[in-house]
Amino acid sequence: MAKSAKSKWRNVASGLLVPIVVIALWQAACSMSMVSPLKLPAPLAVAQRWVQYLLPAEAYTADAGNWWTWAFSGELIHDTLGSMYRVAVGFAIGGGLALPLGVLMGASQRVYQRMYILVQVLRPIPPSAYTPLAMLWFGLGNPPAVFMISIAAFFPVLINTIVGVRQVDSIYLRAAHNLGANRRTIFLRVMLPAATPYILAGVRIAIGAAFMIVIVSELIAVPDGLGFRINEAREYSWTDKVMAGMFTIGMIGLALDIGMNKLNNYLLRWHRGLES
């Protein structure tokens, strides 16, 4: 157990090495005035702006004994919650529609043939290309953003589910059939478990795609969120705040990916090559 924990921390330290070196070189270049602070502020300036973005203005004059009245009311938290809400709703809609359709297309050759052309025509269209339609159909606010996020999440889940269901080894299907399993049992006990790694991989990709599109949608359609705040900072040439927002997006993306990786490992404990 101790050896496993030590190995885990060694891997974390190894993963942090390159980012630390990059930040150190970045800080050194800024300290030697090799780049303009307007174009590339120093890491320390970005960190200071991130703290100011996290805490509201009254935090600097509030009574220390009443810290709980302001510590969780900053712009950053409000924007992050707004973005995450849109991601969650959009992903639930897109993934929720894609999963059953993907299962049907994977399990039924007739459904696959009838839906194939439509899916392949729509799939290459980037979600951001739907921006004019989303604004015409839904106006401003959350609905157009959720619509675009749903599209971004839909196709990764759909395609991976189709591939997962269609890649089930026919030997397993024949064996289950010879043992007397009916169609429902074969689907629930053979096809779905065999497709689960593909489905979870699609979910992982879809979450990343949804989070990228929420930033795009917030640049034009909503009055808050991380994307909105980055665009606002750009208009005022607050490069440090732009980068603080980008850093926040990156950290949330990292947290989501780590969470999905742990969930995958937990759900796929039975899968060959993963330890329980």
Side-chain angles (χ1 to χ4, degrees), residues 1 4-20 22-23 50 53-54 71-72 74-100 102 127 142 145-146 148-161 163-164 192-218 224-227 229-230 243-276:
M1 185 72 179
S4 175
K6 185 176 181 180
S7 176
K8 180 179 179 180
W9 283 110
R10 187 183 297 115
N11 292 336
V12 171
S14 177
L16 289 174
L17 179 61
V18 173
I20 290 173
V22 170
I23 291 174
W50 188 87
Y53 185 19
L54 174 65
F72 299 103
E75 260 185 1
L76 177 60
I77 294 175
H78 175 75
D79 291 336
T80 301
L81 290 176
S83 296
M84 292 304 296
Y85 168 77
R86 297 178 189 106
V87 168
V89 174
F91 175 80
I93 295 173
L97 293 174
L99 184 59
N142 285 331
V146 169
M148 294 168 62
I149 295 165
S150 300
I151 294 174
F154 179 84
F155 287 102
V157 176
L158 176 69
I159 299 302
N160 277 52
T161 302
V163 172
L192 197 56
T196 299
Y198 292 88
I199 295 172
L200 290 177
V203 168
R204 190 173 182 178
I205 296 170
I207 289 177
F211 203 79
M212 286 188 290
I213 291 301
V214 73
I215 303 304
V216 175
S217 67
E218 288 173 348
D224 60 5
L226 294 171
R229 204 63 62 184
I230 288 174
M243 299 192 73
M246 293 170 62
F247 170 77
T248 303
I249 294 167
M251 293 304 295
I252 294 174
L254 175 63
L256 288 173
D257 190 69
I258 291 174
M260 278 302 305
N261 187 49
K262 290 185 177 296
L263 178 63
N264 286 2
N265 289 346
Y266 175 76
L267 295 177
L268 299 177
R269 300 187 306 278
W270 53 271
H271 198 262
R272 186 175 58 187
L274 292 179
E275 297 180 354
S276 59

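Source: prediction; values computed, not measured.
- Considering every non-hydrogen atom in both V214 and S83, the closest pair reads CG2-O, 3.8 Å.
- Across all their heavy atoms, G202 and N160 have their closest contact at N-ND2, 3.2 Å.
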Full working for side chain to side chain contact (heavy atoms under 4.5 Å, CB included) between T161 and Y198: CA-CA 6 Å; T161 302; Y198 292 88; over 6 Å; no

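- Taking the side chain as every heavy atom from C-beta outward, M212 and I249 never approach each other to under 4.5 Å.
- Between D79 atom CG and I230 atom CD1 the span is 9.5 Å, to the nearest 0.5 Å.
- Summarising the geometry, atom CG belonging to D224 is positioned 11.5 Å from atom OH belonging to Y85; distances are rounded to the nearest 0.5 Å.
- The structure places CG of L256 at 12.0 Å from CG of L263, a figure rounded to the nearest 0.5 Å.
- In terms of heavy-atom proximity, I213 sits nearest to A152 at CG1-CB, 3.5 Å.
- Counting heavy atoms from C-beta outward, V203 and F91 have side chains that approach closer than 4.5 Å.
- Considering every non-hydrogen atom in both A153 and G95, the closest pair reads CB-N, 4.4 Å.
- Taking CZ from F247 and CD1 from I252, the interatomic distance works out to 10.5 Å, rounded to the nearest 0.5 Å.
- Atom CD1 in I215 sits 10.5 Å away from atom CE in M246 (nearest 0.5 Å).
- Rounding to the nearest 0.5 Å places CE of M251 at 8.5 Å from CH2 of W50.
- When all heavy atoms of G164 and A195 are compared, the pair lying nearest together is C-CB, 3.5 Å.
- Of the charged side-chain nitrogens involved, at least one lies within less than 4.0 Å of a carboxylate oxygen, so that E218 and R86 count as a salt-bridged pair.
- The two residues L226 and T248 come nearest to each other via the heavy atoms CD2-CG2, 4.1 Å.
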